[in-house]
4 protein chains.
Amino acid sequence: MDPRMPYSPPSFDNAPLNSSPYAKLVAVSSDGIAPEQFHATSNFPEYINIENHGWVLAPESRMDAALAVDMGAIRVVEPRRLKKGDLVVIGRTENGEEGIFVHPDGFVQSEESGDKFTFRSRGTRETPFSRSYDDLYDILRHDRNHGHIVWVLGPAVSFDKDSRQAMQGLIENGFCHALMAGNALATHDLEASRFGTGLGQDIYSQQLVPLGHYHHLDVISSVRTSGSITKYIADANVQDGIMYACEKTPIPYVLAGSIRDDGPLPGVIGDAYAAQDAMRVHAKQATTVIAMATQLHSIAFGNMVPSYKVQDDGTIRPVFFFIVDMSEFSADKLANRGSAQAQAILTNAQDFIVNLWNNLRG
Amino acid sequence: MDPRMPYSPPSFDNAPLNSSPYAKLVAVSSDGIAPEQFHATSNFPEYINIENHGWVLAPESRMDAALAVDMGAIRVVEPRRLKKGDLVVIGRTENGEEGIFVHPDGFVQSEESGDKFTFRSRGTRETPFSRSYDDLYDILRHDRNHGHIVWVLGPAVSFDKDSRQAMQGLIENGFCHALMAGNALATHDLEASRFGTGLGQDIYSQQLVPLGHYHHLDVISSVRTSGSITKYIADANVQDGIMYACEKTPIPYVLAGSIRDDGPLPGVIGDAYAAQDAMRVHAKQATTVIAMATQLHSIAFGNMVPSYKVQDDGTIRPVFFFIVDMSEFSADKLANRGSAQAQAILTNAQDFIVNLWNNLRG
Amino acid sequence: MDPRMPYSPPSFDNAPLNSSPYAKLVAVSSDGIAPEQFHATSNFPEYINIENHGWVLAPESRMDAALAVDMGAIRVVEPRRLKKGDLVVIGRTENGEEGIFVHPDGFVQSEESGDKFTFRSRGTRETPFSRSYDDLYDILRHDRNHGHIVWVLGPAVSFDKDSRQAMQGLIENGFCHALMAGNALATHDLEASRFGTGLGQDIYSQQLVPLGHYHHLDVISSVRTSGSITKYIADANVQDGIMYACEKTPIPYVLAGSIRDDGPLPGVIGDAYAAQDAMRVHAKQATTVIAMATQLHSIAFGNMVPSYKVQDDGTIRPVFFFIVDMSEFSADKLANRGSAQAQAILTNAQDFIVNLWNNLRG
Amino acid sequence: MDPRMPYSPPSFDNAPLNSSPYAKLVAVSSDGIAPEQFHATSNFPEYINIENHGWVLAPESRMDAALAVDMGAIRVVEPRRLKKGDLVVIGRTENGEEGIFVHPDGFVQSEESGDKFTFRSRGTRETPFSRSYDDLYDILRHDRNHGHIVWVLGPAVSFDKDSRQAMQGLIENGFCHALMAGNALATHDLEASRFGTGLGQDIYSQQLVPLGHYHHLDVISSVRTSGSITKYIADANVQDGIMYACEKTPIPYVLAGSIRDDGPLPGVIGDAYAAQDAMRVHAKQATTVIAMATQLHSIAFGNMVPSYKVQDDGTIRPVFFFIVDMSEFSADKLANRGSAQAQAILTNAQDFIVNLWNNLRG
């Protein structure tokens, strides 16, 4: 897996693509409702044969979006965000016969290169992961300066001293350009900064601290009193942790609310669809995604991420997506929902992140 | 486990409760922020010694709420919903020394009765569940007419023909007074009504239907076009399934949005905290809860549900909470977060629901 | 899935099979050691082109055995059981070019028949299982009188009152022709007969009985005193349970020892390879296998079972293999090791067996 | 957790132990059968009040053994190994009233020492493991020269290049004094030495090698031809891996057979109870056990291991038992069967072992 691997576009000069019809477009009749037979995107590169323009690549694709065409340009739009009058691509074939071509093989290298690139098959806990780690080290070192690394974190990483420090180190050293998480991650992390506990359990000694279940609530109260996480970090003189690293570096983060939340902390986006929009901003920029110990956020973000990225200079590179989880079911579920390039590493998030940091810290 | 088991209140005439001080109250200074040292509730019966009123039971408790006192009455309020000026109980002891008494043993029967009631210890997949089922049959038969049964459903139950029919049967026959779920359950169920598939897989034959992944999107489009689930069921002449049964019976349902959603369907509550409020209405009424195949919704609802209910005639009965899940981790996680009475049945939701219906339909 | 589905042999009259060479045979030079380049069997039908005899079907195949040829007949032999001088088939191609043809498609029905038979892809806990159950009911009803049903049981089924009764009912009513298990299943079952407990926990009430951990040891002592399970059942007047049903019906059972055993009970085969031999006797006869809640025994037996059976009248029918387990990992692991026809039902063994019995007892 | 923590024996001078009766002894009447009401051991220190000798500590205890008394000395004997005439301790109380005292609190340090030692409660995947690792580093560094470290390995560790190298490093550097495993671990490890694969999958690149499933069988054939693992390592010039390290260092290993085995390799102990005896030799010597990625072997060995060890100088130290597994169910199952001191680390064996080696290689 190589971020610099060249992209091979399809051959539009050969049959059948050189004789494909133009894609049919239909105008949206009501806001937020896709026309019948609308084409839903994959996260692979897709080309649309547009009248007067020819084959055009959809930029920043994602799962299950519509394609709106305007003056020869394509917008990849969630159906709920379509507006009346948008011209949407119609058709459900993928081989060009309706002017739609899906191209999953753009990063398959020639046989001669020896190391054939394939998005590998699903792993289990017994899959050898040495190379997955080595690939990841290479990718992260490259993308630190030449890409956009997005982490999607469940709360587990904040429950343990070493893994929390490792995540802080990765952020502070440029290996994380944006963080997607929920209210819990931020709350537990700030609890650890103030009390050294996570839900009342010491993050090093594992001891349950007396009245420790109040730590969680007291941190929430304090942050709500401060009015923002940024302000709280200053007010409480927080000096370590994940949220601290995000604020100090700084890197952007999106905290999406859920019905499981206490609080919530100020800054958490309570509306699920507003949160999706905020996350999508980063999904479009991502070159590598590491989604860890959260089925909810992993699937949500996985739905939004293309498998390729058109870079500023017009070249196209692969986008890597790693899922770190303890359960084959969770990993498979994400893969089944279409995030074709997702590669699973079945392990505990704590070990994963400590391993990563030990190898990247230099 | 018996819904009619008598409740034994604490002995307020004996030490130490007969000499407890009145609970300290502090006024909220800003909306949505609990005072320092506020008392956070459990889901057990809690009594507050209120000046001029004496010991008063908190009605409809839940995890991690504040207690607001007004004219001798207690409101159990999530901290974010506190208003400036609310008088909130302060103190973190539970034995009466600060005028706060938590009473977890109200439903422990005397030794003589032979069958000592205990909220049992955590199960694993190897725990014998025959009695859990028998208890559940008894409880559901009783609560059908004398209680309020709330189901919390993950999408899995809609993926299988028999389990979907079983759930429909339970609703139509009075074994479900309210349904809590997400956008996915409703979408998959309506997909099954129209196409006989779930995410494109035949819910009986397991066959993957060609272009079946569009079923999901097309159902969403259609319901959005109709404008509501109710309207869609009429428009599309839906005649079976879970949503159909909810609308026909009718019973209320709450569909809480999440960042994983496609669509969403109209009626899904996108704001997580508005969804919590809507769910809490039913949590307060619940006498039995069955939470199945969803960690997100189970924990969310588990946080809201008391372990007891003050009935219209003033008597107090236990509230039962069953978690049905495939994973010890998910079941334990819910139990660990304080839902003390939660009893796990570790199995596949499909088998659980079919078993239940086979025994209750008779 | 239909036990009566017709088998289509390969077309030996057409290329390439009509011009295949005879298979090469090499004599074994030392007992228990396969020659280099020996052909290892799958559990699919395999045909060998034998000099002077032509294409001959290997009867009763299994995973990873050698094929010994004697006078035009084929024996399927585990390498450790080869004898010096045995003539063994050499070659690792499967398409006929070395006189070896593996035929995985014998039970694929023509498209016109509507219901195309396929050994289905792997399931997860969210796969719809209604049809798997319906198939299983049909198969078991058929094979009760016209087949050989082998159950492979982990201990879990003996821990619960209802599931233990269901298994007893299945055996007593002809739905089990042989039982494969370990020392634990038999011990826990006999503990339940005598004490109503499993490892000291009441199999109905879930209560932990005082000194209940001695039940296990006392049952072992008693059976060892009696000298055999048969004798113990008479001595102790056992009147219910799985072992009781096996002895009363009677059906044969194999109890394979393991390093985890207490005791062991008399009759348990301590030598793993002697146990394999005893199990293989039943694997060769099996027409349907249900392997439940045991990774060890399921994989062991799965390795031994062909995917087809040559019946007494010479016709060939499919052999069905169902794995019932809580974990995708366990089910996948069995499937990955080559038991191609294995179909997983991801659920709790208790519910599975109760469901089955409720539907078959009628 | 400190290997040097002092042991506090019970106070035999105080009530009730100073007035306990002598333990009742009964002679075994048939080989291999424990008398009725025999006392079954835990893995805690147990003291027996023996006539003419007073309180004597049972050395090298284990789960569910009998105590045979001979001339004031106690032997801890599996019931099946009792001989006719052995005098066995009778009684099932543990508080001294029958001359039997079980002492689980010998390593509980005084409150003043600050860090109260407790065998901690069960972990889940979200338990913070930083301290478990730090404890383990300390213990392994100490026990390398002053203890006896036993590893119990499932096959997973041999499937991955880095984890296999880490295990090799640990053995070569004195962090493993004995290895318990099965036929699979040895076979997969030797396959990796010869072909760089595990069951045909490249242990670095994850590629499935053509005809790779034969690697497994060919390695078995070759080792069987050589006649022993030792001889094969010489014959095939094996230069890396786990078995190589065991033979070179050398350290003893026990390979216990199972019904799942192919082959088996020469040296594998096919008889389960002979294998138990061979394992028990190492269980008696162990000061620290790490059981990884194998439920079968972990439970088997866990049953045999005391929680304390009487050292050559007569002092008593704790024995540590770590279980490394992906599943809460497996870890809980071991804990439930009585291995009271077992501490779980829920993670992938690959990461665990690489982490360990990175920290210990120094």
Side-chain angles (χ1 to χ4, degrees), chain C residues 29-30 32-40 42 63-64 66 78-80 92-93 180 182-183 199 211 213-214 216-218 220-222 224-225 256-264 268-276 279 295-304 326-327 329 336-338, chain D residues 29-30 32-40 42 63-64 66 78-80 92-93 180 182-183 199 211 213-214 216-218 220-222 224-225 256-264 268-276 279 295-304 326-327 329 336-338:
Chain C
S29 56
S30 309
I33 297 174
E36 285 194 23
Q37 297 298 310
F38 82 99
H39 176 73
S42 68
M63 296 301 303
D64 290 339
E78 291 86 349
R80 69 180 163 85
R92 293 180 169 182
T93 57
M180 308 290 111
N183 183 64
L199 289 174
L211 289 177
H213 64 286
Y214 275 105
H216 177 73
L217 300 171
D218 287 348
I220 290 171
S221 264
S222 297
R224 288 173 71 92
T225 302
S258 96
I259 54 174
R260 208 165 36 191
D261 293 347
D262 297 309
V268 171
I269 304 174
D271 184 84
Y273 312 113
Q276 285 184 343
M279 294 165 73
Q295 189 176 299
L296 173 63
H297 293 258
S298 295
I299 293 177
F301 203 70
N303 287 345
M304 301 175 183
M326 284 290 272
S327 147
F329 175 66
N336 282 341
R337 292 178 72 89
Chain D
S29 56
S30 308
I33 297 175
E36 285 195 22
Q37 297 298 311
F38 82 99
H39 176 74
S42 68
M63 296 301 303
D64 291 339
E78 292 86 349
R80 70 181 163 83
R92 293 180 170 184
T93 57
M180 308 292 110
N183 183 64
L199 288 174
L211 289 178
H213 64 286
Y214 274 105
H216 177 72
L217 301 170
D218 286 348
I220 290 171
S221 263
S222 297
R224 288 174 70 94
T225 302
S258 95
I259 53 174
R260 210 165 34 192
D261 292 348
D262 296 309
V268 171
I269 303 175
D271 183 83
Y273 312 114
Q276 284 184 342
M279 294 165 74
Q295 188 177 298
L296 173 63
H297 292 258
S298 294
I299 293 178
F301 203 69
N303 288 343
M304 300 176 184
M326 283 290 271
S327 149
F329 175 65
N336 282 340
R337 292 178 72 90

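Note: hydrogens, waters and symmetry copies are ignored here, and every other heavy atom, side chains too, is used. Proteins come first, then strands; the chains are lettered A, B, ... in the order of their sequence lines, and each starts at number 1.
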- Message: I'd like to know which of M304(D), H213(D), H297(D) tops the heavy-atom pair count under 4.5 Å against chain C.
- Response: H297(D)
- Message: Under 4.5 Å from any heavy atom of chain C, what part of S258(D) do you find: side chain, backbone, both or neither?
- Response: both
- Would you call D261(D) and R80(C) a salt bridge, using N to O less than 4.0 angstrom? no
- Message: So, taking the atom named CD1 in I299(D) and the one named CZ in R260(C), what distance separates them when rounded to the nearest 0.5 Å?
- Response: 5.0 Å
- When rounded to the nearest 0.5 Å, the distance separating CG of L217(D) from CG of D64(C) is 4.5 Å
- Query: chain C heavy atoms under 4.5 Å from A256(D): which part of the residue, side chain, backbone, both or neither?
  - Reply: side chain
- Task: Apply side chain to side chain donor-acceptor pair (under 3.5 Å) to E78(D) and list each qualifying residue two or more places apart in sequence or on a separate chain.
- Result: R62(D), R280(D)
- Message: Among G263(C), P79(C), A275(C), which residue has the highest count of heavy-atom pairs closer than 4.5 Å to chain D?
- Response: G263(C)
- Query: Any idea which of R92(C), Q276(C), Q37(C) has the most non-hydrogen atom pairs under 4.5 angstrom with chain D?
  - Reply: R92(C)
- Query: Using a cut-off of under 4.5 Å for heavy-atom pairs, which of L211(D), D218(D), I220(D) has the most such pairs with chain C?
  - Reply: D218(D)
- Contacting moiety of M279(D), where chain C heavy atoms sit under 4.5 Å: side chain
- Note on the structure: One should read off an interatomic distance between Y273(D) OH and N183(C) CG, to the nearest 0.5 angstrom, of 5.0 Å
- Message: As an exercise: rank S327(D), S29(D), A34(D), A40(D) by heavy-atom pairs under 4.5 Å with chain C and give me the winner.
- Response: A40(D)
- Message: So for I259(D), is it side chain, backbone, both, or neither that comes closer than 4.5 Å to the heavy atoms of chain C?
- Response: both
- Message: With chain C as the partner, which of S222(D), S221(D), S30(D) has the greatest number of non-hydrogen pairs under 4.5 Å?
- Response: S221(D)
- Task: Would you give the length of the straight line joining atom CG of D271(C) to atom CG of D271(D), rounded to the nearest 0.5 angstrom?
- Result: 6.0 Å
- Side-chain heavy atoms of Q295(D) within contact of Q295(C), under 4.5 Å: no
- Going by the angle between their ring planes, with limits at 30° and 60°, are Y214(D) and F38(C) parallel, tilted or perpendicular? perpendicular
- List for me each residue that meets side-chain contact (heavy atoms from CB on, under 4.5 Å) alongside T93(C), sequence neighbours excluded, and say none if there are none. N95(C), E97(C), E98(C)
